[in-house]
Amino acid sequence: MNDAAIGVFDSGMGGLTCVKELNHLMPNENIIYFGDTARIPYGTRGKETIIKYAEQDIKFIKKHNIKMIIAACGTVSSVLGTSKTSDADIPFTGVLLPTVQAACAKTKNGKIGVIGTNATIKSGAYGKAIRSIRSDVNIVGKSCPLFVPLVENGFIGKDDPVTKLVVERYLEPVKKEGVDTLILGCTHYPILIDAIKEYMGSGVELISSGSETAKYVCAFLTAREMLAERSEQGVNEYYCTDSAEMFAENAESFCGGKLNGLVTRVSMDELAAE
Ligand code: DGL
């Protein structure tokens, strides 16, 4: 048993799709969430910058009493790759492995689509992770760089004409290939799930990287007897690098309601301090 918190970070608020599922599966766990809202997006940046930011995010998370770190960001997970699985004493996971395991188990026709940010798709990391499990799968990758700004700006309704148009533009080639499983390889994308589902049709299974990772972490902690011992509800603490008020306000579309914890702003000086 281990009462320390689970540390979760993302470039912004996308990782809240993972937190939502963590809270659902393990309501007694404490969560420390860090969203680098002042520097989002990561997905349009180069590899060195993403690694530098991720290292700072991890260092901040490690200042807290934590028992596991989750990079709830498809971009960071892809750039770091599956090689980063543990960090001396603190277990670490990105979203890649849990997500591709779920997709490989789901596909029937062996055609898996992967959508993500530019950096994620360029890295080819999801494809490599899929092939490490199943070599017989056809993979169709597509970067969808406008999805994150759509989500961040509230264009999330399935009937919103702007959202519909962008979804169709990006997903047309993926749909044409006849995939039966689609990995939402960026933790922001589940917020667009209704629009994506509507376009792809009911025959296509959508795999959310955030919630698959939460399921993986729950199984991981359970197997190692690392779950919290407390019987009362766990506490969520949120940290971000831009306005705390804006974080709490915007978080509502990710949580489906009011944010369940206090938000504190972290200065960039504190984050970058050696
Ligand atoms: N949540 C990030 C991801 O999962 C996307 C946002 C970004 O580009 O930083 O890739």
Side-chain angles (χ1 to χ4, degrees), residues 7-22 33-58 61 69-82 84 92-100 102-103 113-127 129 141-156 166 170 182-193 196 206-214 216-217 238-242 246-247 250-251 253-255 271:
V8 186
F9 74 95
D10 178 40
S11 55
M13 290 186 298
L16 295 176
T17 56
C18 180
V19 171
K20 191 176 174 191
E21 188 66 13
L22 289 171
Y33 183 88
F34 173 76
D36 193 4
T37 45
R39 298 192 296 197
I40 191 176
Y42 285 8
T44 52
R45 299 178 196 273
K47 194 173 167 181
E48 286 72 26
T49 307
I50 295 167
I51 291 174
K52 184 177 124 193
Y53 288 178
E55 282 170 352
Q56 292 174 343
D57 302 346
I58 292 169
I61 286 277
I69 301 174
I70 307 175
C73 174
T75 305
V76 167
S77 308
S78 299
V79 170
L80 295 181
T82 48
K84 176 137 183 64
F92 176 97
T93 186
V95 297
L96 284 188
L97 223 50
T99 308
V100 303
V114 181
I115 54 173
T117 64
N118 280 340
T120 295
I121 297 305
K122 195 169 155 217
S123 74
Y126 272 104
K142 179 83 184 124
S143 62
C144 306
L146 290 176
F147 278 6
V148 169
L150 280 181
V151 169
E152 296 275 320
N153 290 287
F155 288 79
I156 56 177
V166 177
Y170 284 142
L182 179 63
I183 290 178
L184 309 184
C186 166
T187 50
H188 274 71
Y189 294 0
I191 306 303
L192 295 173
I193 201 157
I196 295 172
L206 304 182
I207 309 286
S208 156
S209 46
S211 59
E212 291 305 331
T213 303
Y216 170 88
V217 168
Y238 299 93
Y239 296 88
C240 60
T241 45
D242 203 338
M246 268 163 59
F247 186 96
N250 297 339
S253 52
F254 288 84
C255 310
L271 196 66

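For ligands, and for the atoms within them, numbers begin at 1 and follow the listed sequence.
- Here's the thing with T44: none of its N/O atoms is less than 3.5 angstrom from an N/O atom of ligand 1.
- In terms of protein heavy atoms, atom 5 (C) of ligand 1 is closest to C186 SG, 3.2 Å.
- Remark: of the listed residues V76, I70, D36, V76 is the sole one forming a side chain to side chain contact (heavy atoms under 4.5 Å, CB included) with F9.
- Side chains of D57 and R39 form a contact here, defined as non-hydrogen atoms less than 4.5 Å apart.
- Between S11 and ligand 1, at least one pair of N/O atoms sits closer than 3.5 Å.
- Remark: among candidates E152, R39, H188, the nearest residue to atom 1 (N) of ligand 1 is H188, based on non-hydrogen atoms.
- Under a 4.0 Å criterion applied to the non-hydrogen atoms of I40, ligand 1 contributes the atoms 9 (O).
- A donor-acceptor pair under 3.5 Å links the side-chain atoms of T187 to the main chain of A72, judged by distance alone.
- In terms of polar-atom proximity, T117 is not counted as a contact of ligand 1, lacking any N or O under 3.5 Å from an N or O of the ligand.
- Without hydrogens or angle criteria, S211 side chain to E21 main chain gives no donor-acceptor distance under 3.5 Å.
- Of all protein heavy atoms, the one lying nearest to atom 4 (O) of ligand 1 is G74 N, 2.6 Å.
- The protein atom (non-hydrogen) at minimum distance from atom 8 (O) of ligand 1 is G43 N, 2.8 Å.
- Those atoms of ligand 1 that come under 4.0 Å of a heavy atom in D10, given as number and element, are 1 (N), 2 (C).
- Regarding atom 10 (O) of ligand 1, its nearest protein heavy-atom neighbour is T75 OG1, 2.6 Å.
- Here the side chain of T37 pairs a donor or acceptor atom with the backbone of D242 at under 3.5 angstrom.
- Inclusion of V148 in the set of residues having an N or O under 3.5 Å from an N or O of ligand 1 is not warranted.
- Tested against I193, the residues T17, L184, I156 include a single side chain to side chain contact (heavy atoms under 4.5 Å, CB included) partner, L184.
- Looking only at side-chain heavy atoms (C-beta outward), V148 and Y42 stay at 4.5 Å or farther from each other.
- Ring-plane geometry between Y189 and F147 is classed as perpendicular, the angle between the planes exceeding 60 degrees on a 0 to 90 degree scale with a lower cut at 30.
- In this structure, C73 has a heavy atom closer than 4.0 Å to ligand 1.
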